[in-house]
Amino acid sequence: MSAHLIDGKAFAARLREKVAASVAILKAEQGIVPGLAAVLVGNDPASAVYVRNKGVQTVAAGMATFEHKLPAQTAEVELLALIAQLNADPAVHGILVQLPLPPHIDADAVINAINPAKDVDGFHVTNVGLLATGQRSMIPCTPLGCLMLPREHFGNLAGRKAVVVGRSNIVGKPMAQLLLRESCTVTIAHSRTENLAAICRQADILVAAVGRAEMITGDFIKPGAVVIDVGINQIEWEDRVRLVGDVQRDSAAGIAGALTPVPGGVGPMTIACLLANTLTACCRISGLEDPEGLAA
Ligand code: GUN
């Protein structure tokens, strides 16, 4: 039997519609327009595409967008001055600094200069600590999107075995925290883990976020598992460049119960969750309730 392909694109479109509907109500009832500032330093083409997409979808959801494109040689103090300005701007409810930053800039210093209430990426140490201790926080967008998909498949995740392959601050670590919060039994594995296939085969929920093209093959997967593929890797194939995930789709599809495709799985969820986080930040900053059904 072939795995059910989880349609992240359709799920993300529904989430964006919910966000847009809440934004319209917020505008009509409170006169408040959520605003997202995106900061891009340098000329990385993939980052430029992400930031452009974020801008387009922010406007489509009825929010205000503020884009700041800075040259690659921007000094760290200049970037910190911009962050201070955005922190103080009442029209800005969310601040996103696109990563990676050029190597001469200390990314941790920049992230930790963002007001945690406006940290829609959930990368500030305060938000990392709040999530780890089970308190209300901003939650990183990709793991937040990933969590929604197995939740829809299984409903309650309590007691499920989850394996997260990857230990990045952006995906692996917060993903593990979120699954733990759902009462899963969580293992964090990575590229140096011994017996990786055997560990992965125990997982009811397998999240692949290791950044290696098609590393997770069918023999890593427990029959019926939900497999969430966070990888976006470019490979050369028949003289063309092709996008593949960290999971080898053909061998995985024969064994998994459900699988996210690449592209069209997790990717669209990340931006939809960024919009949801911006709305949540706006409501909290304005002293209003969290919008229903959007937060994790
Ligand atoms: N670069 C890759 N993913 C992300 C993300 O989720 N947020 C930011 N700010 N930068 C990224």
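When a ligand or atom number is given, it counts from 1 through the structure's own listing order. Positions are given from 1 along the sequence. These numbers were taken from a predicted model, which means no experiment stands behind them.
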Holding to side-chain hydrogen bond (donor to acceptor under 3.5 Å, both in side chains), I want the full list of residues that pass it with T185, two or more places apart in sequence or in another chain.
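Partners of T185 under the side-chain hydrogen bond (donor to acceptor under 3.5 Å, both in side chains) test: none.
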Close side-chain approach of I139 to P174, heavy-atom, < 4.5 Å:
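In short, these two side chains do not touch, never coming nearer than 4.5 Å.
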Pair T270, T142 - check side-chain hydrogen bond (donor to acceptor under 3.5 Å, both in side chains), show working.
CA-CA 5 Å; T270 298; T142 300; 3.0 Å; yes
Check whether any side-chain N or O of S47 sits under 3.5 Å from a backbone N or O of N43 as a donor-acceptor pair, and report yes or no.
no
Every pair of nitrogen or oxygen atoms between ligand 1 and the protein that is under 3.5 angstrom apart - can you list them with their distances to 0.1 Å?
residue: ligand 1; atom: 1 (N); partner: Q98; partner atom: NE2; Å: 3.3
residue: ligand 1; atom: 1 (N); partner: L99; partner atom: O; Å: 3.0
residue: ligand 1; atom: 7 (N); partner: D121; partner atom: OD1; Å: 3.0
residue: ligand 1; atom: 7 (N); partner: D121; partner atom: OD2; Å: 3.4
residue: ligand 1; atom: 9 (N); partner: V97; partner atom: O; Å: 2.8
residue: ligand 1; atom: 9 (N); partner: D121; partner atom: OD2; Å: 2.6
residue: ligand 1; atom: 10 (N); partner: L99; partner atom: N; Å: 3.0

Taking only distance into account, with no hydrogens and no angle test, what donor-acceptor pairs under 3.5 Å do side-chain atoms of residues 65-82 form with protein atoms, sequence neighbours excluded?
residue: T74; atom: OG1; partner: P71; partner atom: O; Å: 2.5
residue: E76; atom: OE1; partner: D106; partner atom: N; Å: 2.9
residue: E78; atom: OE2; partner: A75; partner atom: N; Å: 3.2

Got a sec, which hydrophobics cluster with I232, joining ILVMFWY side chains under 4.5 Å apart, including via others?
Y50, L243
